[in-house]
There are 4 protein chains.
Amino acid sequence: MRDQADTRTRIQEIALTLFTEQGYEATSLREIAEALGVTKAALYYHFRTKDDIVASLAEKRLHAVEELLAWAEKQPRTEETRRELIRRYADDLYSGRHREIMRFFERNQTALKHHPVMGKTRERMFELITFMVEPGDPVATRLRNSMAVLALHAASFILDEEVPEEERRAAGLEVAFDLLRR
Amino acid sequence: MRDQADTRTRIQEIALTLFTEQGYEATSLREIAEALGVTKAALYYHFRTKDDIVASLAEKRLHAVEELLAWAEKQPRTEETRRELIRRYADDLYSGRHREIMRFFERNQTALKHHPVMGKTRERMFELITFMVEPGDPVATRLRNSMAVLALHAASFILDEEVPEEERRAAGLEVAFDLLRR
Amino acid sequence: MRDQADTRTRIQEIALTLFTEQGYEATSLREIAEALGVTKAALYYHFRTKDDIVASLAEKRLHAVEELLAWAEKQPRTEETRRELIRRYADDLYSGRHREIMRFFERNQTALKHHPVMGKTRERMFELITFMVEPGDPVATRLRNSMAVLALHAASFILDEEVPEEERRAAGLEVAFDLLRR
Amino acid sequence: MRDQADTRTRIQEIALTLFTEQGYEATSLREIAEALGVTKAALYYHFRTKDDIVASLAEKRLHAVEELLAWAEKQPRTEETRRELIRRYADDLYSGRHREIMRFFERNQTALKHHPVMGKTRERMFELITFMVEPGDPVATRLRNSMAVLALHAASFILDEEVPEEERRAAGLEVAFDLLRR
DNA sequence: CATGAATGAGCCTTCATTCAT
DNA sequence: GATGAATGAAGGCTCATTCAT
């Protein structure tokens with residue numbers, strides 16, 4: 001019982017790592033199984049298909065985004081709300097393995113393009129971004145405000161390892177807030 | 001002779017389209033050959049391996065970045081140079097199929113990760129970004145200035161199709177300049 | 001105890017249905033287990049192997065044929081005996097699930113070819129058919145008389161559902177008697 | 001060129017033999033390839049799927065039945081036509097590998113059940129049998145006349161190998177004509 | 001009585017690549 | 001310049017079976 005949860009979770013973890021490092025298509029179930037020390041067939045006991053492993057990962061992220069969205073929808077559309085949204089988004093990103101999952105998304109866009117869970121996630125992300133923008137805003141403003149979210153991600157892939165994580169996060173937030181203020 | 005050049009070019013074009021749409025690994029030589037109306041074996045007359053097709057695409061982009069870099073190195077490190085660099089970068093992006101090639105890069109990061117030509121391209125891009133930054137700049141400034149380049153790309157994947165290309169480009173430039181100016 | 005017998009019987013029934021509909025090789029233990037609402041592993045409590053399930057089905061049929069044969073061997077080799085044999089064979093066929101089992105045999109000949117119980121059943125069937133024929137009969141007579149048995153089966157797979165079962169059976173018997181009478 | 005035709009034909013021949021002996025599902029492409037002395041992958045050069053091999057076999061038989069049907073439809077519905085139909089059906093059966101293909105059909109009913117080409121063949125066979133029967137005939141007559149066709153097949157699977165082929169054929173025809181004559 | 005977890009073997013299929021013609 | 005035929009490696013997946021609990 002403990003074991004099941006453990007194996008399932010371990011599959012997810014190893015899969016996430018390998019998918020992110022090598023790509024979804026370039027990672028075979030054999031590799032995942034070998035890294036785990038089990039047979040390929042064992043993976044199929046825990047997940048119906050290779051796709052299902054990915055889905056289970058994507059769902060974790062989807063839930064986080066949906067919760068954020070649910071919260072946002074109950075707030076007034078003020079600048080302070082937007083700033084708080086950015087703050088919460090960053091909190092998510094730096095907790096759990098969300099940054100890794102996002103990187104997995106970024107790096108496997110084509111492989112995931114037609115995945116149902118991804119479609120939903122994309123939609124929700126768009127709704128989130130819509131939240132950053134006032135209807136009628138000029139195009140440049142829309143771009144700038146949307147890029148606020150992007151800044152949080154960029155902070156961890158543009159600034160590389162020499163900068164400590166905490167500083168990266170702070171820089172991301174600073175630039176994001178900057179972009180928000182027109 | 002014309003024919004050979006033609007077939008070679010057509011292979012590159014179809015490959016770029018399919019690689020971008022479906023991903024590098026998910027696109028088989030069979031598909032490319034079928035789309036071209038020739039046999040798989042024919043592709044091997046023009047390119048030694050599948051990898052070589054990708055390399056030939058990446059090189060086009062590499063040349064563009066290298067030229068930009070060569071130009072930049074001869075300029076004084078002023079803010080006006082930086083603005084002109086951004087302008088030229090955008091010009092490149094909106095000419096030829098560079099935007100498509102960049103999208104191909106973005107979407108196939110893992111597949112290309114270990115590709116020699118990619119390594120070089122990445123290096124050059126970093127040098128380009130270094131150009132945006134003054135040594136000693138605080139982390140947030142480094143992030144912000146680097147994101148100027150990002151803005152040009154973001155303009156074409158965040159703003160959706162309803163916005164005409166020319167407006168997207170203008171918005172990208174506006175936000176990029178904004179980021180550059182602190 | 002009742003329960004065990006029940007599960008065993010239910011396995012046999014579901015297996016017979018699926019084997020007949022989809023074929024022996026095309027039916028997995030997973031399917032049988034799912035149709036029953038138990039785990040695959042549970043099947044192994046009741047049957048040692050997949051093969052054993054088939055054997056248990058074949059044995060039911062084997063017993064019936066053997067009883068018929070035992071009866072026939074004690075009778076005089078008259079035409080009336082032959083007619084009675086046909087009658088009893090038909091009775092068997094239309095009682096229990098023997099028609100289904102026979103259809104299962106017909107439809108899975110290759111899968112069952114090397115099965116020991118099947119070998120025995122085949123032998124007995126040949127002895128039964130031998131009973132229909134007088135040694136020294138010309139080839140055509142041998143064929144005709146053997147086909148008497150075939151007529152009973154043909155009645156249920158050539159005449160389709162529009163004809164009520166009782167009529168099908170009567171027609172089968174009529175043609176069988178016809179063939180017997182040279 | 002000769003080679004292609006040869007390999008394709010040899011695949012069909014070996015496949016037919018193995019499918020008939022061991023059953024469709026029980027025969028793996030590996031076995032076929034090994035019997036041919038080529039790689040599994042080579043089979044896929046000549047046939048798109050395992051299913052396609054079967055389809056190519058079934059089509060041969062379908063064509064024969066369709067020709068027979070086309071001929072029958074142009075004849076008057078007399079008893080002599082029926083007898084000639086039986087004669088031609090037997091000719092078909094004893095030429096080429098049709099008897100083998102039919103045996104393959106009989107022995108793999110479930111595996112082929114949902115195959116489109118099989119559906120068509122079944123339909124045509126029914127039309128052929130319809131030809132043997134006068135609308136309004138009593139059930140037993142319908143069964144008897146339909147069994148005329150069956151007799152031709154039975155001749156080769158009920159009478160065993162000790163009887164020479166020519167005699168089996170003659171016996172089949174005799175019984176078939178017998179059944180036709182009420 | 002039955003399940004949860006796992007295995008080893010095998011299946012069909014696809015891929016990048018080669019080479020004689 | 002290109003094709004037809006083939007290969008070796010690998011991939012995702014399913015199956016019958018086992019065994020500790």
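Chain letters run A, B, ... following the sequence lines, proteins first and then strands; every chain starts at 1. Both backbone and side-chain heavy atoms feed into the values below; hydrogens, waters and symmetry mates do not.
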Is any side-chain N or O of [X] closer than 4.0 Å to OP1 or OP2 of [N]?
| X | N | answer |
| --- | --- | --- |
| C/Tyr45 | E/dA2 | no |
| D/Thr7 | F/dA6 | yes |
| D/Tyr44 | E/dT13 | yes |
| A/Ser28 | F/dG11 | yes |
| C/His46 | E/dA2 | yes |
| D/Arg30 | E/dG10 | no |

Judged by nearest nucleotide, the residue sitting upstream toward the 5' end of DNA chain E, D/Leu29 or B/Arg48, is D/Leu29
Between B/Thr27 and D/Glu31, whichever has its closest DNA chain E nucleotide further toward 5' is D/Glu31
Close side-chain approach of D/Tyr45 to D/Thr7, heavy-atom, < 4.5 Å: no
Comparing A/Lys40 with D/Gly37, nearest DNA chain F nucleotide closer to 5' gives the residue D/Gly37
Side chain to side chain donor-acceptor pair (under 3.5 Å) evaluation trace for B/Thr27 with B/Gln22:
CA-CA 6 Å; B/Thr27 303; B/Gln22 325 177 341; 3.3 Å; yes
Between [atom2] of [N] and [atom1] of [X], the distance in whole Å:
| X | N | atom1 | atom2 | result |
| --- | --- | --- | --- | --- |
| C/Leu36 | E/dC1 | CG | P | 14 Å |
| C/Ile53 | F/dA16 | CD1 | C1' | 11 Å |
| A/Lys50 | E/dT14 | NZ | C1' | 14 Å |

Base-pair string, DNA chain E, Watson-Crick plus G-U, cut-off 3.5 Å on both distances, | for inter-strand, is .||||||||||||||||||||
